[in-house]
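Please read the structure below before turning to the comments.
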Amino acid sequence: MATAVENDSISNTSNTTQTQQEISPAPSLHIRSPEDAIDYVTVSDPVIHADGMNKYTSYRVDCRPPISNDISPDNNQDDVFLQNNPGQYSSVLRRYSDFLWLYERLHKEKAGSIVPPLPEKQAVSRFSPEFVEDRRRLLEKFLRRVILHPELWEANCLLTFLRADDVTFQHAKNVSKTEDAAANNNSDMSVSGGGAFNIKPSTSAGVKKWFSEAKTTFSGDLVTSPDDDLFDEIERYIEALAIQMKRVSNQASGMVKKSKEIANGMFEFGLAFHQLGQSEGEDLGDKLQLMGSTADTLSSMAAQQADAELKRLEEPFRDYLKTIHAVKLALGRRHDKRVSYTALLHEIQTREVNLHRLRMTPGSEAKAYSTEMSLQRYQAAAHAAQEEYAECSQRVLREVDRFKREKAEEMKLVVLQFIMLEIEVNRSMEKIWGELVPKLEEGNVAVSSSGNTEQPSIQEPTVVNMPPPPQMQPPQVPSSAVPPVSQPVYSNVPSTAVDPMMESSIQYRDNDLPGMGL
């Protein structure tokens with residue numbers, strides 16, 4: 001029976017394909033995102049490499065000179081790609097760890113920026129074709145967003161990532177590691193009893209511990225700025241937005257799941273009608289199988305709808321959540337700059353007190369000179385930290401303002417596309433159901449030879465008149481035995497009495513009652 005159903009499905013393939021082309025959402029419903037226009041930078045050709053026990057996937061990153069229409073004339077983003085050589089193309093191989101290096105360097109070089117989200121790591125099935133292709137698409141999206149970013153497009157690490165050859169790029173990564181180690185050493189500075197620097201071992205755990213201790217120590221007396229109230233308001237807004245957006249994202253995921261369940265249920269529904277139609281014969285069987293074919297078409301439609309809802313509703317909301325997390329990271333960078341600047345101010349205050357004490361102590365000129373030199377270095381570091389803190393704060397304010405404007409527009413487009421998708425799909429489903437109705441009604445009404453439609457006749461119930469039973473004669477009694485009794489006289493009494501036992505047991509009511517008239 002399953003083979004017969006498959007054959008019937010194959011026979012209806014052409015009709016189903018034609019119907020699917022009619023029900024596919026119109027291309028005009030898909031609104032291109034800004035990163036779709038940056039087609040002069042692509043990530044393609046994923047290749048899996050096996051280097052001993054190390055296995056990784058490399059991607060080809062192509063960068064060609066943009067067309068003049070691709071970049072708006074009011075900025076100089078094309079300088080990043082042209083580099084005074086408009087005819088040069090570049091093509092490099094980069095792996096996921098290289099994209100991760102770019103992501104982390106952007107956070108350091110442009111602290112306070114909302115860096116676009118990077119696809120997450122995955123330990124299981126990371127070499128499957130589906131996962132590799134999905135990661136390639138997301139890496140390309142990440143790179144194009146960075147190029148469009150008004151704060152990130154001119155970062156040195158971006159140019160190195162796009163243009164440098166393998167040797168130069170590896171050298172740049174080593175230099176960045178050295179700089180990070182030096183920065184960690186500076187953050188781990190402490191003052192010994194003599195006023196000299198004592199450099200702690202630079203470890204990741206030590207840096208995290210220092211930051212956690214610093215945040216705890218300076219939580220009540222951090223340096224203040226006129227914008228502190230504004231940043232507090234931004235943090236409250238982002239926290240509330242994250243909660244609400246997570247709820248919306250979960251509901252969108254549930255809707256996509258329901259659409260997939262409807263597609264599977266409609267497929268099973270159509271299969272059942274196919275099998276039922278094969279067990280019947282002639283006209284009924286054909287119509288049952290026609291119902292099954294229609295259900296198959298609707299199942300395909302529901303599956304397409306689920307895929308479209310995934311791309312146009314669930315994925316945008318998930319991406320929106322990641323962007324909100326990126327805003328939190330930008331606010332966290334600003335807080336780190338504030339903590340570092342506050343820590344330096346506390347160190348300067350402590351050293352000034354020590355310097356004053358040493359100057360008042362005879363025989364401590366050497367220690368006083370060393371403390372004074374270290375104080376000058378701390379003052380220079382504090383001045384640089386103050387500038388970085390102010391620059392990061394202003395960048396965060398610009399980024400949050402841009403985030404509100406752009407995300408409001410993107411949210412409107414996401415909702416609009418979803419509404420148009422639902423309208424188009426429901427219209428197509430209604431059309432398919434409507435086309436099925438006249439096919440099922442064919443041959444159900446009999447037509448007479450004269451061409452007039454024969455109406456079914458309603459037979460009236462036959463009433464049988466039963467003869468009245470013979471009347472029982474009372475026994476004859478001599479008139480002399482019974483005294484005469486005056487009998488009452490009744491008027492309008494029928495001459496023939498009716499036996500109550502022969503009356504009908506059906507009680508009829510008048511037809512003039514409400515709802516009983518014809």
Side-chain angles (χ1 to χ4, degrees), residues 34-35 38 40-43 59 61 63 71 75-81 83 90 92 94-121 135-164 168-184 187 204 207 211 238 319-337 340 387-403 406-407:
E35 56 264 20
I38 311 300
Y40 48 81
V41 174
T42 58
V43 178
Y59 302 88
V61 179
C63 178
I71 299 296
N75 61 45
N76 296 320
Q77 285 178 300
D78 52 349
D79 293 340
V80 176
F81 309 101
Q83 289 298 307
S90 67
V92 295
R94 297 289 183 257
R95 52 191 295 184
Y96 178 79
S97 59
D98 299 333
F99 283 89
L100 184 60
W101 172 86
L102 174 62
Y103 176 80
E104 294 174 349
R105 291 304 302 174
L106 289 173
H107 275 289
K108 290 181 171 61
E109 291 187 17
K110 301 293 183 179
S113 298
I114 302 178
V115 181
L118 195 67
E120 297 88 353
K121 294 182 179 180
R135 171 173 280 186
R136 181 209 65 78
R137 179 178 60 85
L138 294 177
L139 290 176
E140 183 178 77
K141 185 177 183 179
F142 160 78
L143 192 57
R144 291 181 176 183
R145 284 182 171 181
V146 171
I147 293 171
L148 283 175
H149 200 291
E151 301 284 344
L152 304 178
W153 66 271
E154 57 183 356
N156 293 328
C157 58
L158 176 60
L159 179 61
T160 301
F161 179 88
L162 293 173
R163 294 295 191 184
T168 306
F169 184 68
Q170 187 62 38
H171 176 70
K173 293 176 68 175
N174 294 333
V175 171
S176 63
K177 290 181 180 179
T178 304
E179 293 176 353
D180 293 342
N184 293 336
S187 65
S204 177
V207 174
F211 270 110
I238 294 299
D319 185 72
Y320 200 95
L321 278 175
K322 294 178 182 179
T323 305
I324 292 175
H325 179 68
V327 178
K328 292 182 179 181
L329 292 179
L331 292 170
R333 293 284 178 176
R334 188 247 179 194
H335 180 74
D336 294 341
K337 297 292 183 182
S340 300
E387 293 183 349
E388 291 179 359
Y389 171 56
E391 181 182 2
C392 181
S393 298
Q394 294 301 314
R395 183 177 289 121
V396 170
L397 291 178
R398 293 194 302 269
E399 285 286 84
V400 171
D401 180 69
R402 183 180 63 88
F403 165 78
E406 292 184 356
K407 289 306 175 183

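Predicted model, so just to flag it, every value in this text is computed and none were measured.
- Looking only at side-chain heavy atoms (C-beta outward), Leu143 and Leu162 come within less than 4.5 Å of each other.
- Between the CG atom in Leu329 and the OG1 atom in Thr323 there is a gap of 11.0 Å [rounded to 0.5 Å].
- Contacts of Phe99 classified as ring pair (Phe, Tyr, Trp, His ring centres under 6.0 Å), with partners at least two apart in sequence or in another chain: Phe161.
- Taken to the nearest 0.5 Å, the CZ atom of Arg105 stands 9.5 Å off from the OG1 atom of Thr160.
- In this structure Ser393 satisfies the side-chain hydrogen bond (donor to acceptor under 3.5 Å, both in side chains) test together with Arg334, sequence neighbours excluded.
- Among residues two or more places apart in sequence or in another chain, the ring pair (Phe, Tyr, Trp, His ring centres under 6.0 Å) test is passed with Phe169 by Trp101.
- Listed by chain and number, the residues in a salt bridge (Lys or Arg N to Asp or Glu O under 4.0 Å) with Arg395 are Glu151, Glu391 (sequence neighbours excluded).
- The side-chain hydrogen bond (donor to acceptor under 3.5 Å, both in side chains) test applied to Arg333 returns no partner, not counting sequence neighbours.
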Quick one: side chains of residues 106-119, donor-acceptor pairs under 3.5 Å with protein atoms, not counting sequence neighbours, listed by atom name and distance.
from   : atom 1 : to     : atom 2 : distance (Å)
His107 : NE2    : Tyr103 : OH     : 3.4
Glu109 : OE1    : Asn156 : N      : 3.3
Ser113 : OG     : Lys110 : O      : 3.0

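- For the atom pair CG (Leu158) and CD1 (Ile147), the distance works out to 6.0 Å, reported to the nearest 0.5 Å.
- Of the inter-residue distances, the one linking Tyr389 atom OH with His335 atom NE2 reads 10.0 Å to the nearest 0.5 angstrom.
- With sequence neighbours excluded, the residues that form a side-chain hydrogen bond (donor to acceptor under 3.5 Å, both in side chains) with Glu399 are His149, Arg402.
- A distance of 11.0 Å separates CG of Leu102 from OG of Ser176, quoted to the nearest 0.5 Å.
- When all heavy atoms of Lys407 and Asp319 are compared, the pair lying nearest together is NZ-OD2, 4.3 Å.
- Residues satisfying the salt bridge (Lys or Arg N to Asp or Glu O under 4.0 Å) test with Lys337, not counting sequence neighbours, are Glu388.
- When the side-chain contact (heavy atoms from CB on, under 4.5 Å) test is applied to Glu104, the partners found at least two apart in sequence or on another chain are Leu100.
- At a threshold of 4.5 Å between non-hydrogen side-chain atoms, the residues Val400 and Ile238 do not count as touching.
- The shortest side-chain heavy-atom distance between Leu148 and Arg144 does not fall under the 4.5 Å cut-off.
- With sequence neighbours excluded, no residue forms a ring pair (Phe, Tyr, Trp, His ring centres under 6.0 Å) with Tyr59.
- In this structure, NE2 in His171 is found 7.5 Å from CG in Asn174, a value given to the nearest 0.5 Å.
- Looking at Asp98, its side chain does come within 3.5 Å of a backbone N or O of Arg95 through a donor-acceptor pair.
- The salt bridge (Lys or Arg N to Asp or Glu O under 4.0 Å) test applied to Arg135 returns no partner, not counting sequence neighbours.
- Under the side-chain hydrogen bond (donor to acceptor under 3.5 Å, both in side chains) criterion, Glu387 pairs with His383, sequence neighbours left out.
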